[in-house]
J.: 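Attaching a single structure in structure tokens format; questions to follow.
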Amino acid sequence: MPRTPAYWLVKTEPDCFSIHDLAACPKQTTCWSGVRNFQARNFLRDGMKLGDQVFFYHSNAAPPSIVGLAVVVREAYPDATAWDPADDHYDPKASPENPTWQMVDLKLQEIFPRPLGLDELRTLPALKNMELLRKGSRLSVQPVAAAEFAAVMRLVQSAAQPSPGAVAKSVKKSASKAKRSSAARH
DNA sequence: GCCAACGTTGGC
DNA sequence: GCCAACGTTGGC
């Protein structure tokens with residue numbers, strides 16, 4: 001029996017690594033290094049399988065939004081940035097013998113016609129219990145229920161021709177918070 | 001910039 | 001094992 005496909009969401013600060021940066025990568029593929037939270041790592045390591053679809057979310061953006069879709073093209077393997085002292089996410093406790101942290105490879109599947117901001121997502125009843133929308137949620141890698149995934153994708157379809165005034169202008173105020181991301185690598 | 005929510009650390 | 005202190009995340 002093939003496994004039922006699972007759905008996920010990853011967060012990144014666009015000032016750090018945006019979906020457009022992903023689009024510019026060779027083969028539009030990147031390793032998702034830099035995750036330094038155990039719960040997030042466990043989802044990466046144990047949950048994400050080849051072909052799983054992954055919402056791409058921009059945090060610390062204006063507005064914070066789901067901006068597209070990626071697909072898992074390589075399952076978990078050790079995150080070597082963890083034992084690189086020069087890396088922003090260096091972890092002195094990690095080593096090649098004891099990697100601690102894992103990453104997957106993600107390939108861009110689609111940039112949505114427009115960003116789907118938090119306010120808009122909150123209007124969907126199907127997303128009432130979505131982890132992303134939970135107050136205080138900080139998980140940078142999180143599972144998405146199939147029904148939630150479908151609801152967001154329906155919104156994307158309806159977003160293809162946005163009604164006048166419904167388009168959130170994603171003007172970035174580049175808050176000068178240099179680099180601090182738990183999820184992205186640049 | 002503020003601050004609530006959360007995760008981690010370390011004294012005990 | 002408890003929990004206060006601290007650092008980080010991330011919406012606003």
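What you see is a predicted model; the values in this text were computed from it and never measured. Every chain is numbered from 1, with letters handed out A, B, ... down the list of sequences.
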J.: Tell me: NZ of A/K11 to P of C/dG11, nearest whole Å?
T.: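 Answer to the nearest Å: 6 Å.
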J.: Just the table, please: protein N/O against nucleotides 2-7 of chain C N/O, every pair under 3.5 Å.
T.:
none

J.: Rounding to a whole Å, what distance do you find between A/E120:CD and C/dG11:P?
T.: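 Atom CD in A/E120 sits about 16 Å away from atom P in C/dG11.
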J.: Would you mind reading off the distance between A/H58 atom NE2 and C/dT9 atom P, rounded to a whole angstrom?
T.: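 For the pair A/H58 NE2 and C/dT9 P, the rounded distance is 17 Å.
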J.: Between the side chain of A/S65 and the main-chain N/O of A/P63, is any donor-acceptor distance below 3.5 Å?
T.: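 Between the backbone of A/P63 and the side chain of A/S65 there is a qualifying donor-acceptor contact (under 3.5 Å).
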J.: I need the CZ-C1' distance between A/F38 and C/dT8, as an integer number of Å.
T.: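 For the pair A/F38 CZ and C/dT8 C1', the rounded distance is 15 Å.
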J.: So A/R122, base contact, sugar-phosphate only, or nothing? Heavy-atom distance under 4.0 Å.
T.: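 The answer is sugar-phosphate, as A/R122 gets under 4.0 Å only of primed atoms, P, OP1 or OP2.
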J.: Working to the nearest 0.5 Å, report the span between CH2 of A/W32 and CG of A/D105.
T.: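 The distance works out to 11.5 Å.
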J.: Could you give the distance from OH (A/Y57) to CG (A/L121), rounded to the nearest 0.5 Å?
T.: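 A/Y57 OH to A/L121 CG: 8.5 Å, rounded to 0.5 Å.
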J.: From CG of A/L132 over to C1' of C/dG10, roughly how many Å is that when rounded to an integer?
T.: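 Going from CG in A/L132 over to C1' in C/dG10 covers 11 Å.
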J.: Show the numbers, then the answer: is there a side chain to side chain donor-acceptor pair (under 3.5 Å) between A/W8 and A/D52?
T.: CA-CA 8 Å; A/W8 309 93; A/D52 282 359; 3.0 Å; yes
J.: Could you tell me the separation between the NZ atom of A/K135 and the C1' atom of C/dC12, rounded to a whole number of Å?
T.: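 Whole-Å distance recorded here is 10 Å.
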J.: Quick check on C/dG11: is either OP1 or OP2 less than 4.0 Å from any side-chain nitrogen or oxygen of A/Y57?
T.: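 Yes, because at least one side-chain N or O of A/Y57 sits under 4.0 Å from OP1 or OP2 of C/dG11.
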J.: How long is the straight-line distance from CD of A/Q39 back to CD of A/Q142, given to the nearest 0.5 Å?
T.: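 Rounded to the nearest 0.5 Å, the CD-CD separation comes to 9.5 Å.
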J.: Nearest whole angstrom, please: distance from the C1' of C/dT9 to the CG of A/L9.
T.: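 Atom-to-atom, A/L9 to C/dT9, this comes out as 15 Å.
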J.: To the nearest Å, give me how far apart CG (A/L139) and P (C/dG10) are.
T.: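 Rounded to the whole Å, the gap is 9 Å.
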J.: Could you measure the distance from the CD atom of A/E131 to the CZ atom of A/F43? Nearest 0.5 Å is fine.
T.: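 Separation between the atoms: 7.5 Å.
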